[in-house]
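First up is the structure itself, then whatever we jot down about it.
All heavy atoms count here, side chains included; hydrogens, waters and symmetry mates do not.
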Amino acid sequence: MNITEVLDEVQNLSPLEKRQVVETLLSENGNKNDASIEERQIALIKRLHAEGVIKNIPPRLIEPRDFKPVPIKGKPLSETIIEDRRC
């Protein structure tokens with residue numbers, strides 16, 4: 001589950017459940033350790049699931065390791081998309 005999916009789940013919660021999420025996040029920030037960001041995210045998602053704050057944990061998407069961007073001519077594609085969305 002990525003951060004966008006977590007935020008979407010949180011948006012569907014009641015105000016009390018959202019407060020529980022905030023309190024959990026604040027308590028997690030106080031417990032700094034040597035765990036990687038990904039390990040801490042996984043632990044937080046599992047904790048929120050165990051507490052019933054989020055209903056399910058979808059499987060993680062596996063990113064291809066041999067990904068190579070396709071070169072294109074002209075300005076970056078992201079700029080073109082942003083310009084198209086503004087019109």
Side-chain angles (χ1 to χ4, degrees):
M1 175 177 260
N2 65 33
I3 190 68
T4 304
E5 293 167 332
V6 171
L7 292 173
D8 288 342
E9 270 302 314
V10 170
Q11 290 299 324
N12 297 325
L13 301 176
S14 70
L16 176 61
E17 291 170 323
K18 288 178 182 177
R19 190 171 333 156
Q20 287 176 320
V21 171
V22 170
E23 289 171 2
T24 302
L25 290 171
L26 291 174
S27 69
E28 288 289 320
N29 282 340
N31 299 330
K32 294 183 179 178
N33 57 25
D34 292 335
S36 72
I37 292 174
E38 185 174 343
E39 290 170 338
R40 285 185 276 166
Q41 286 177 342
I42 291 169
L44 176 61
I45 290 169
K46 287 181 180 179
R47 183 172 170 193
L48 291 172
H49 182 260
E51 293 177 7
V53 177
I54 57 176
K55 295 177 179 71
N56 64 358
I57 302 174
R60 294 185 67 90
L61 296 175
I62 299 172
E63 296 179 12
R65 294 177 187 240
D66 60 346
F67 172 78
K68 294 178 185 151
V70 177
I72 60 170
K73 294 180 181 177
K75 60 185 169 187
L77 183 58
S78 60
E79 288 182 21
T80 304
I81 292 171
I82 292 169
E83 289 173 1
D84 286 349
R85 289 182 180 174
R86 289 183 180 160
C87 294

Self-check item: Electrostatic pair Lys75-Glu83, nearest N-O below 4.0 angstrom
Solution: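 Yes, charged N to carboxylate O under 4.0 Å.
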Quiz prompt | Where Val10 and Lys18 come nearest, the two heavy atoms and their spacing | solution =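 Closest approach of Val10 to Lys18, heavy atoms only: O-CE, 3.3 Å.
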Practice problem: Measure the shortest side-chain to side-chain distance between Leu13 and Gln20 over non-hydrogen atoms and say whether it is less than 4.5 angstrom. | Solution: no
Quiz item: Can you check whether His49 reaches Lys55 side chain to side chain, under 4.5 Å on heavy atoms?
Solution: no
What's the spacing between [X] [atom1] and [Y] [atom2] if we round to 0.5 Å?
X     : Y     : atom1 : atom2 : answer
Glu5  : Ile3  : CD    : CD1   : 10.0 Å
Lys46 : Ile54 : NZ    : CD1   : 11.5 Å
Leu48 : Glu17 : CG    : CD    : 11.0 Å

Practice problem: Hydrophobic side-chain clustering at under 4.5 Å (ILVMFWY, transitive links): who's grouped with Ile72? Put none if nobody. | Solution: Leu77, Ile81
